[in-house]
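Here the structure comes first, spelled out in structure tokens, and everything after it is commentary.
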Amino acid sequence: MRTTHIAKYCLFVSCYIFWVASGLMIAVGLYAKLSSEKSIVDSFVTDPSVILIAVGILMFAITFIGCMGALRDMHTLLKIFAYMLVIVLILQFVAAVLGFMFSGMVLEKAASVMTKAITRYRDDLDLQNFIDYIQKKFECCGVNTYTDWSQNIYFFCVDNNPSLESCGVPYSCCIREKGENVINTMCGYETQRLKRWDAEDRIFVDGCLDKIVSWGRVNLLFLGGLATGLIILELFIIFLAFVLIYEINIVMKRRKSTVPITTTQKKIDGGEMFLREMKCIEKEFENELEYMEVEEREETFVRQRGYMAAIECEYHEQS
């Protein structure tokens, strides 16, 4: 089935890129799930690794259907792919609206997740590295303030805590001096005992939640551009899918309209040929009958003449 190669292969390449990306998402999600002994969330459904795996599997299935439909010009698969993308796009808009309407609940949930991550800081090396990266990147410490690290058993600020890190914070909270090449991992010791105005000379005292929210507001145009670009890309892929479906429908209609006419025309031509042959045979038969009648008349005439000649001969002999 011949269709426009531009729409076909653009759709295939787009689906293939997202198909590979979804496979990577599944791999990362499985690694995060299998490598971590404990989760930082209470619910299995809200586990980031589970969400990553679920989204990756959904993307993998949808893009695989799109690849097969585009490559093989399969009308049904392309329809399934297009309608599933429309549903995903609608769900994205609904999620964005709900997130905006219930932003307070979202922030509370984020604070709860971050607090639980702090309590398990030493239990998971990947989680520990991730928290250190966030605190160094956004120059923050804790969820709302640096004293949030008392939620962790190792940094719990009480006199009877045997941990050497008691009343301290991780080194990622420390303010590094310019030109400092060696990381002092003990720079955050005993900082929770200090007042805020004293501690801010040694560590970052602002919480990471407010810092991340502020970063999002400052980079709102950038984030909005990314979201708009993703939506435009999805709309473009949906458009390509419907264009390919339209072209396949045209080809199928042409086939349906040409095949029956050809068959009927062959039947009509065959019938006309048969009638012509029958007429020819009939004419030949009539000519043959006429010829036989002529021969029979000639034969009868010859017999009559012979009989008359014989009678004349006998008459002459008798006389």
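Heads up: numbering here begins at 1 and tracks the sequence. What you see is a predicted model, and the numbers here were worked out from it, not measured in a lab.
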Atom pair CD1/CG of Ile134 and Asn129 - distance to nearest 0.5 Å: 12.0 Å
Any donor and acceptor pair, going by atom type alone, linking the side chain of Gln192 with main-chain N or O of Phe155 inside 3.5 Å? yes
Counting heavy atoms not belonging to Phe242, are there more than 12 under 6.0 Å from its CZ? yes
Take atom CZ in Phe138; do more than 12 heavy atoms of anything else shown fall under 6.0 Å from it? yes
What residues, two or more places apart in sequence or in another chain, satisfy side-chain contact (heavy atoms from CB on, under 4.5 Å) together with Met105? Phe102
Taking disulfide bond (SG atoms under 2.5 Å apart) as the test, write out the residues that go with Cys167, two or more places apart. Cys157
With distance as the sole test, does Ser166 use its side chain to make a donor-acceptor pair with the main-chain N or O of Ser163 at under 3.5 Å? no
State whether the side chain of Ser14 and the backbone N or O of Cys10 hold a donor-acceptor pair below 3.5 Å, judged by distance alone. yes
In one Ile/Leu/Val/Met/Phe/Trp/Tyr side-chain cluster, 4.5 Å: Leu85, Leu230: no
Could you check whether Tyr121 and Trp149 have their ring centres less than 6.0 Å apart? yes
Under 4.5 Å between side-chain heavy atoms, counting indirect links through other Ile/Leu/Val/Met/Phe/Trp/Tyr residues: same cluster for Ile51 and Ile87 or not? no
Drop me the distance from Met68's CE to Leu77's CG, to the nearest 0.5 angstrom. 7.0 Å
Measuring only between side-chain heavy atoms, which start at C-beta, is Tyr146 closer than 4.5 Å to Phe204? no
Ionic contact status for Arg193 with Asp159, cut-off 4.0 Å: yes
Please check this pair: side chain of Asp206 against backbone of Cys140, looking for a donor-acceptor N/O pair closer than 3.5 Å. no
Would you check if the side chain of Asp198 reaches a backbone N or O of Leu194 as a donor-acceptor pair within less than 3.5 Å? no
CG (Asp73) and CD1 (Ile245) are apart, to the nearest 0.5 Å, by 11.5 Å
Verdict with supporting geometry, Cys174 and Cys187, disulfide bond (SG atoms under 2.5 Å apart): CA-CA 6 Å; Cys174 296; Cys187 60; 1.9 Å; yes
Test salt bridge (Lys or Arg N to Asp or Glu O under 4.0 Å) applied to Arg122 and Glu165, step by step: CA-CA 12 Å; Arg122 293 299 189 192; Glu165 297 175 312; 2.3 Å; yes
Just wondering, more than 12 heavy atoms not from Ile153 lying within 6.0 Å of its CD1? no
4.5 Å side-chain heavy-atom contact, Arg202 and Ile175: no
Check against side-chain contact (heavy atoms from CB on, under 4.5 Å), Phe18 and Ile237: CA-CA 11 Å; Phe18 280 98; Ile237 294 174; 3.9 Å; yes
Between Met59 and Leu24, is there a shared hydrophobic cluster once you connect ILVMFWY residues whose side-chain heavy atoms come closer than 4.5 Å? no
Please work out which of the three classes, parallel, tilted or perpendicular, describes the rings of Tyr16 and Phe12, given edges at 30° and 60°. parallel
Sole residue of Lys137, Glu139, Gln135 in side chain to side chain donor-acceptor pair (under 3.5 Å) with Ser172: Gln135
Is it the case that one hydrophobic cluster holds both Tyr189 and Val169, taking links as side-chain heavy atoms less than 4.5 Å apart, direct or via other members? no
Rounded at 0.5 Å granularity, tell me how far OG1 in Thr115 sits from CG in Asn144. 7.0 Å
Can you tell me how far the CG atom of Asp126 sits from the CD1 atom of Ile131, to the nearest 0.5 Å? 11.5 Å
For Arg196, does the CZ atom have more than 12 heavy-atom neighbours from other residues, nucleotides or ligands under 6.0 Å away? yes
Mind checking whether Leu30 and Trp19 sit in one hydrophobic cluster, side chains of I, L, V, M, F, W, Y counted as touching below 4.5 Å? yes
What are the two closest non-hydrogen atoms of Val143 and Asp148, and how far apart are they? N-OD2, 3.1 Å
Could you measure the distance from the CG atom of Leu78 to the CZ atom of Arg72? Nearest 0.5 Å is fine. 12.5 Å
